[in-house]
Every structure is written in C-alpha cells, then in structure tokens.
There are 2 protein chains.
Amino acid sequence: MAATRSAVSRAPRARSKAAETPQGAAVADSAPLQLGELSELLGYVFKRAQLRIFEDFIRCVEPLQLTPAQFSVLVLLEHNPGRNQTEIATTLGILRPNFVAMLDGLESRELCVRVRSTQDRRSHIVMLTDKGRSVLARAKRLVATKHEARLNALLGEDGRSALLGMLDKLSKF
Amino acid sequence: MAATRSAVSRAPRARSKAAETPQGAAVADSAPLQLGELSELLGYVFKRAQLRIFEDFIRCVEPLQLTPAQFSVLVLLEHNPGRNQTEIATTLGILRPNFVAMLDGLESRELCVRVRSTQDRRSHIVMLTDKGRSVLARAKRLVATKHEARLNALLGEDGRSALLGMLDKLSKF
DNA sequence: TATAATTGTTATGAGCTATATCAAATAGCG
DNA sequence: CGCTATTTGATATAGCTCATAACAATTATA
C-alpha cells in the first residue's frame, strides 16, 4: 500500500536542472515552483491536508489492517445493531453495490456477519462478531492514542474543536 | 459527471422501513443511524467536508468544464512559464505517467501547448495558450465570486484564514 | 391478484493512482 | 572521446474508488 497521491497532494521536491524563463531571465537552479493563488485556494490546501490525515490514520491503525472506510463501518455496526446493509451503506455515503465487496472483505475476516432478517427476508442484518468488537476496540485505542493524539498536539485542543466546528459547517452546506 | 461519493461522504437520508433492535425495543420508524465516535473523528468529518468543497468548486466552474486538478495545472502554468511536464506534475503531486493524459486533454482543448525545449530536447515546456489564459481568468473569477465567496459567507473571513492556517499545518506534518 | 418498489447482488465502466518499462536525449566519468 | 547512468515523456498495466444498469427474490400497494 504505497503512499496516496493526488492531483492536489504532494509537496514539491528539489530538482536538478537549470531553467530559463521565456523572458530570458536566468533562474536559480532548481527554484521551487510558484503555487500562485493555489496556496489561498481552500479546496487545494484542504485536499492535501485530507490526504495526510488519511495517511496517518492508516499508519496508526496499520497493525489491524483497517482502512478509514472499514473502521467507519465497524463503528457504525457497533452503534446501530439490527440494521441492514442498505442502512449502513447509505449512512456512510457508500452506494449499495459497492458495499457488497466491502462487506465481503470484513465478513471473510470474521469481523462481522450477515444474517437474513426474519421480518423482511430481502434484507441482511449486519452484526459485529466478537472478533469484530475486539478489533474495533483495539482500533479505537490506536486511533485515540496515536492518530488523534498527534492531531491534538499539532492543532491544540482548542484548535481541534474549532476545526471540527468548521468542518461540520462545511459538510452540511 | 455525477456527484462524487465516498466511503466517508454523504449524509444519511430518510428511510421508510420499521426496524427493531435485537434487544426487542421498538425503534421509531426510519430513525437515523448513530454515527458514534465518527462525528468526533477528524478524518471522517474532514473527508465529508472536502467532498462538499470539491463538489461546489466543480459546480461553480461548470460553465468552463474544469476540474480542480485541471484548474490547478492552469494556475501553475501561469505562474511558472518555461517549466517542463515533470516540474509541473510533481509540484502538484501528479505522477509523470498520469500527467500525460491530463495534458493531452488540456492540449486538445487548446488551453496549453507542449513545446520541445531547445536547451534539453528531452523535455516539453508547457505553455498556456491565449485561450488557456482567457479560460483561466474566467475560472478564477468564478472561483472568487461564487466558490470562495460562499465559503467566506459560511466561515467568515477570520474563520477562513484560521482554517487555512490549520490546513497548512496539517498538510506539512 | 397484478403492479410497483425494495434488497442484495452482479456486471460494467469511468476516473484516479501507482509501478514497470521503453526510446530518445542528456549528464557524467574514466 | 566513449561508455554508462540518468532524465524525460510516453505506454502499458494493475488496483482502487465511485457510479449506473440490470436482475432475482421478496415485500408493499393499488
């Protein structure tokens, strides 16, 4: 699982070639490029930060081999027993067809099980297994003590809550 | 180009079926699911917000048919004349192989051109065309008057700059 | 009962990201 | 100079995420 990149992600690295502007002005070797108004563009900075956060999450939870999406499914299962696939998926913004393979993965690792509902035999109730509960508990500890702790150290407790508040505004606009 | 979704993105929508918890307690019809600790998980809220911001960007710039990534390329070209493909791509975190098709798209729309460098005949200098400059200018206006204006209205000018500061910290940690 | 809607599923396609590899050109070193 | 290594743009390919259409089984509804 290599580092995630994106159209709006990595920092520039040092280069090695001389360059000359069309105006003919000599440019210092390997001068970093100008970001221009990108550094003020919220979406640009936002995406870079988001990628870093996910990278860090994955690294912190790496012993348990859980992606952010998988973690979010387990958390939802813990807090919402008796719900079916569609309910879990749509709550997380996952389309039902795409949730099938995802659940297959979690179920094959015995972190959850599908149980055919007796009230509506079309639907599958998704339940955490004991193993799933245990893995989730360990994951939550790793997230709290490593991932969120690092973010707290970087932003400060007040900064973190201010950030959460703004993110909340943004996500429901 | 349908709305972007993600494993960590959309808001829950109303549902329509009755449900009952395993404990047997009847649950109000279509009760929204509990997010649990997800609502405090920075990465989760972050990703949702990021998707909204990109959605809004795309919508605001829709008349010009520019994605955030394409916009960022044009901005970089404007501020860094005389640079080659590799320099532009790596500055934006785009891998060179993936930048080829992206540039093909922009070049086929005559927004930029590749010019073989006379100093180093391996490299292609990427230049904005007049049309590219014009499209970029219009895009920047749309971004400023619609996209960023909306974000400013939502966050306030002080909130916006506070947010930018925190995003900056996050993206270089 | 006949028709419509829902659930889980499969198939499939678009888009983005990552790696390996290649030819052409250049750099660097003996 | 001549040989090797590196760089550049490009191609091919694979994996992952996201999206839509369609289908069988089941349930809801007119």
Side-chain angles (χ1 to χ4, degrees), chain A residues 1-10 13-19 29-30 47-48 50-51 54-55 58 67-70 72-73 83-90 92-105 107 113-126, chain B residues 1-10 13-19 29-30 47-48 50-51 54-55 58 65 67-70 72-73 83-90 92-105 107 112-126:
Chain A
M1 204 168 291
T4 313
R5 285 164 179 269
S6 145
V8 160
S9 64
R10 282 242 169 260
R13 295 291 176 233
R15 286 161 308 94
S16 57
K17 294 202 59 63
D29 196 15
S30 100
K47 174 136 187 194
R48 297 184 79 115
Q50 201 259 297
L51 289 171
F54 266 44
E55 274 178 29
I58 291 173
T67 66
Q70 290 172 324
S72 68
V73 171
R83 300 294 193 158
N84 65 26
Q85 289 185 208
T86 296
E87 292 172 313
I88 302 293
T90 63
L92 291 173
I94 304 174
L95 296 175
R96 283 166 306 239
N98 298 331
F99 194 53
V100 174
M102 190 166 172
L103 257 197
D104 288 347
E107 199 172 14
V113 285
R114 292 182 244 223
V115 181
R116 181 141 259 135
S117 167
T118 53
Q119 284 84 26
D120 182 345
R121 293 182 32 237
R122 289 171 297 187
S123 59
H124 289 171
I125 303 305
V126 190
Chain B
M1 203 170 292
T4 313
R5 285 165 178 267
S6 147
V8 160
S9 61
R10 283 238 170 262
R13 297 289 176 234
R15 286 161 307 95
S16 57
K17 294 203 59 62
D29 196 14
S30 99
K47 175 139 189 194
R48 296 185 80 115
Q50 201 258 295
L51 289 171
F54 266 44
E55 272 178 30
I58 291 173
Q65 289 289 299
T67 65
Q70 290 172 323
S72 69
V73 170
R83 300 294 193 158
N84 65 27
Q85 290 185 209
T86 298
E87 292 172 311
I88 302 292
T90 63
L92 291 173
I94 304 174
L95 296 175
R96 283 167 306 237
N98 299 331
F99 194 53
V100 174
M102 189 166 174
L103 257 196
D104 288 347
E107 200 174 11
C112 65
V113 284
R114 292 182 242 224
V115 182
R116 182 141 258 136
S117 168
T118 53
Q119 284 85 26
D120 183 344
R121 292 180 36 235
R122 289 171 298 188
S123 58
H124 290 170
I125 304 305
V126 189

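Order of the sequence lines sets the chain letters (A, B, ...), proteins ahead of strands, with each chain counted from 1. The figures here come from the full heavy-atom set of this structure, side chains too, leaving out hydrogens, waters and symmetry mates.
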Side chain of A:R122, heavy atoms from C-beta onward: which of C:dA27, C:dA5, C:dT17 has the nearest atom to it? C:dA5
Output all residues satisfying side-chain contact (heavy atoms from CB on, under 4.5 Å) with A:S123, sequence neighbours left out; order by chain, then residue number. A:N84, A:S117, A:D120
Can you see which heavy atom on B:M102 is nearest to which on B:I94, and at what distance? SD-CD1, 3.8 Å
Tell me the interatomic distance from B:Q70, atom CD, to C:dG15, atom P, rounded to whole angstroms. 11 Å
Separation of B:N84 atom CG from D:dT7 atom C1', in whole Å? 10 Å
Looking at B:K47, does any N or O in its side chain come under 4.0 Å of the phosphate oxygens OP1/OP2 on D:dT17? no
Nearest listed nucleotide, side chain of B:R121, among C:dT9, C:dG8, C:dA25: C:dA25
Can you check whether A:R83 has a side-chain N or O nearer than 4.0 Å to OP1 or OP2 of C:dT7? no
Short heteroatom pairs, N/O only, protein and nucleotides 11-14 of chain D, under 3.5 Å:
none

Taking D:dT8, C:dG8, C:dT26 as options, the one with an atom nearest any side-chain atom of B:D120 is C:dT26
C:dT17 C1' sits how many Å from B:F99 CZ, rounded? 15 Å
Within this structure, what is the CD1-to-P distance between B:I94 and C:dA18, rounded to whole angstrom? 11 Å
Could you tell me the separation between the CD1 atom of B:I88 and the P atom of D:dT7, rounded to a whole number of Å? 19 Å
note: B:R116, atom CZ; C:dA25, atom C1'; distance rounded to Å ~ 9 Å
Atom CD of B:Q85 and atom C1' of C:dA25 are separated, to the nearest Å, by 15 Å
C:dA24 P sits how many Å from B:H124 NE2, rounded? 13 Å
Do any side-chain nitrogens or oxygens of B:T86 fall under 4.0 Å of OP1 or OP2 in D:dT7? no
Is B:Q119 close enough to C:dT26 that one of its side-chain N or O atoms is under 4.0 Å from OP1 or OP2 there? no
A:I125 side chain near A:R83 side chain, heavy-atom distance below 4.5 Å: no
Starting at CD of B:Q50, measure out to CZ of A:R48 and round the result to the nearest 0.5 Å. 12.5 Å
Measure the spacing between CZ of B:F99 and OG1 of B:T90 and express it to the nearest 0.5 Å. 9.5 Å
A:R116: what forms a side chain to side chain donor-acceptor pair (under 3.5 Å) with it, not counting sequence neighbours? A:H124
Side chain proximity check, A:V126 to A:V113, heavy atoms < 4.5 angstrom: no
